[in-house]
Amino acid sequence: MTDTTVQPLTRSPAWQALLRHRDSTGATDLLSLFRDNPDRAKEFRLETDRLVVDFSRQKISGETLSLLYELAEQQGVRSSIRDLVNGVRVNTTEDRPALHIALRSQAEHIVVDNGNIMDGVRDGLLAMANMVEAIHRGEIRGSTGKPFRTVINLGIGGSDLGPRLAVQALRPFRQSELDVRFVANIDYQDLQSNLAGADPQTTLFILASKSFTTLETLTNACSAIDWLQQGGCKNVFRHFIGVTANPGAAVDFGIMPDRVLEFGAWVGGRYSLWSTIGLPIALSVGMEYFIRMLAGARYMDEHFVETPLAENIPATLALIDIWNTNFLDAETLAVIPYDHGLSLLPDYLSQLMMESNGKNVTRSGTPVDCNTEMVIWGAAGTNSQHAFFQLLHQGTRNIPVEFLAGVNTNSGHPGHQLKLVANCLAQGEALMLGRNPVAGEPWRHFPGNRPSTTILYDRLTPYVLGQLLALYEHRTFVQACLWDINAFDQWGVELGKELAKVIIDELESGKVSEKHDPSTRQLLEHCLRSRNRTGPA
Ligand code: F6P
């Protein structure tokens, strides 16, 4: 529905004030900002009980921030946050609330459709805890009576990235000998490499899919069934647990009803690691640490809901994102964790932020009249220093960088950690300070004045991880409020899925429709002519 009476965002008073501010202050020099305000490092920093967030190296002054907070007020961020936590149907195109916060809440009641969803949340956690205990104790076994040793999560997108990240990040907190692996891609090589070395009789598959209709996941599940059968497992469904918001489809697929863990349709896929989708995390680190992760997220939820905008970390970082994107024309945000445990964070955030806010229409269906989400990318430091940091330091683009680092380590090796942290701090400093040109050697010039934010924590624990991920969820939500878009749908992934179905049929039948565009037809015909040919290596 198009509401033409709505004033475009870029013509709104707060936006116009920000434009005037940007134009009147001209090119911002970070070093001058520090010179003008000796307390800047202290003032442009916020903290939780575990995180220190330093945004003093962003190209913002006190006035910039005040104007950004006015934009947040104008866009109704406060009331949108209330709507989110109160279960209002903020996902308007799918007519659902987005209640990932409920998954870590200790509230007695959160009402959706006249029902208290907290009963279901508690039941879900209990069912998961029972399942974890039964698997750890070897009470749930495979079809040949052997306890499970390997767990393979079959899922994609939100049914993969969050659990995969958390299992890796929390490896030092592992409580079980289970070898937890992840397969997402429909490319058989992914499954193949993860089946290598696993014994079918001691392998448990988690079939993780909110919709239980996802092509990649169901295709991998069918191949997993073949592998189990070839490996001598007769009752293959004793090797499966289904995790889904569509339990009927899971049972129809063959999953035993008492092996289905449910979660609510009001949990968005990319916000679902806190739900039973987190089963691989709990199998790896145990329920106690899983619950600590929820507690960390809950701390951030309370901070987000209760703290005034000017001290609100997710809101402040979202406003800085808007400033960088819409006023300083940044196209991308590089996320660089100096913590190998978080090396999957850029992948996870690329789904969270780009699938949530890569949109071009407002909540009322009118075109957004400015850029929305940046391209989120990155890789772990220090590896990335030896790969793409050249471009960050001397390339021609404005690329804000987000550094994350644990001051202490889970690795038990303080010597490595010291060098890791030193590199993190040095990169932020180098990006800002730059280096003067050497006469006759312009290639040695570092322009500097490049913005970054640094998030420090003590050690990457389940609690810290929960805080961090909830921070990014809420930051994503505030961005969406500012742009007036729905962060919780993902219609942009549908078209490609539909066209792929048509092409799958054509590749199977060998008949190419005339309806394709000439390029697709030609490529398709080439595939048909060339398939099953194995050329020289
Ligand atoms: O195609 C996008 C998407 O719907 C994501 O939003 C989701 O996380 C992923 O696919 C997997 O979906 P499902 O959990 O339903 O298999």
Side-chain angles (χ1 to χ4, degrees), residues 90-100 103 124 128 152-167 182-187 190-191 205-224 240-255 260-281 344-359 373 376 469 472-473 476-477 480 485-504:
V90 289
N91 181 356
T92 44
T93 62
E94 294 176 329
D95 193 25
R96 287 177 187 152
L99 274 170
H100 38 286
L103 297 167
M128 187 163 140
I152 303 184
N153 190 76
L154 305 176
I156 198 163
S159 300
D160 167 67
L161 289 163
R164 191 192 284 257
L165 162 67
V167 166
F182 291 85
V183 172
N185 204 328
I186 202 165
D187 184 338
D190 192 6
L191 184 61
F205 291 93
I206 301 174
L207 192 34
S209 175
K210 178 179 173 183
S211 60
F212 227 86
T213 58
T214 302
L215 179 73
E216 291 87 339
T217 304
L218 297 182
T219 304
N220 280 327
C222 292
S223 297
F240 275 93
I241 293 173
V243 183
T244 185
N246 185 2
V251 172
D252 289 348
F253 185 83
I255 307 289
V260 176
L261 293 181
E262 233 182 292
F263 62 99
W266 41 262
V267 183
R270 53 195 172 273
Y271 301 83
S272 64
L273 87 157
W274 322 99
S275 73
T276 46
I277 284 287
L279 179 65
I281 311 171
L344 296 174
L345 184 69
D347 289 356
Y348 168 82
L349 291 182
S350 69
Q351 188 202 18
L352 176 67
M353 300 174 81
M354 291 159 75
E355 196 174 75
S356 294
N357 290 345
K359 313 274 168 73
E373 192 58 80
I376 311 292
L469 300 186
Y472 283 106
E473 286 179 349
T476 303
F477 177 65
I485 58 183
N486 176 2
F488 300 111
D489 60 8
Q490 57 284 318
W491 296 101
V493 301
E494 292 304 319
L495 179 59
K497 285 187 196 172
E498 279 167 32
L499 298 189
K501 273 192 203 143
V502 174
I503 295 178
I504 288 171

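Values reported hereafter were calculated over all heavy atoms of this structure, with side chains retained and with hydrogens, waters and symmetry mates removed. Just so you know, ligand 1 is whichever comes first in the structure, and atom 1 is the first atom listed for that ligand. Keep in mind it's a predicted model, so treat the numbers as computed, not measured.
Remark: the backbone N or O of Ser211 is paired with a side-chain donor or acceptor of Asn246 at under 3.5 angstrom.
Here the heavy atom of the protein found nearest to atom 15 (O) of ligand 1 is Ser211 OG, 2.6 Å. At the shortest separation from atom 10 (O) of ligand 1 among protein heavy atoms lies Lys497 NZ, 4.4 Å. For atom 9 (C) of ligand 1, the closest non-hydrogen atom of the protein is Ile156 O, 3.6 Å.
Residue Phe488 holds its CZ atom at 8.0 Å from CZ of Arg270, rounded to the nearest 0.5 Å. To the nearest 0.5 angstrom, Asp160 atom CG is 11.5 Å from Ile206 atom CD1. The distance from the CZ atom of Phe212 to the CG atom of Leu207 is 3.5 Å, given to the nearest 0.5 Å.
Counting the atoms of ligand 1 from 1 in the order shown, those under 4.0 Å from a heavy atom of Ser209 are 13 (P), 14 (O), 15 (O), 16 (O). Listed by atom number, the atoms of ligand 1 under 4.0 Å from Gly157 heavy atoms are 8 (O). Listed by number with element, the atoms of ligand 1 under 4.0 angstrom from any heavy atom of Val493 are 1 (O), 2 (C).
When the options Gly158, Ala208, Ala184, Ser159 are ranked by their closest heavy atom to atom 8 (O) of ligand 1, first place goes to Gly158. The option from Thr244, Thr214, Leu207 that lies nearest to atom 12 (O) of ligand 1, judged by heavy atoms, is Thr214. The option from Gln490, Arg270, Glu355 that lies nearest to atom 5 (C) of ligand 1, judged by heavy atoms, is Glu355.
Between Glu494 and ligand 1 there is no heavy-atom distance shorter than 4.0 Å.
Of the residues listed (Asn185, Leu161, Thr217), the one engaging Ile156 in a side-chain contact (heavy atoms from CB on, under 4.5 Å) is Thr217, and it is the only one. Among Ile277, Asn153, Thr214, Val243, the single residue meeting the side-chain contact (heavy atoms from CB on, under 4.5 Å) criterion with Ser159 is Ile277.
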Can you list, pair by pair, the side-chain donor-acceptor contacts under 3.5 Å of residues 491-500, counting residues two or more places apart and other chains?
| residue | atom | partner | partner atom | Å |
| --- | --- | --- | --- | --- |
| Trp491 | NE1 | Thr93 | OG1 | 2.9 |
| Trp491 | NE1 | Asp489 | OD2 | 3.3 |

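Between Gln351 and ligand 1, an N or O atom pair is found at a separation short of 3.5 Å.
Looking at residues two or more places apart in sequence or on another chain, you find a side-chain contact (heavy atoms from CB on, under 4.5 Å) between Leu349 and Val335, Leu345, Leu352, Met353, Ile376, Tyr472.
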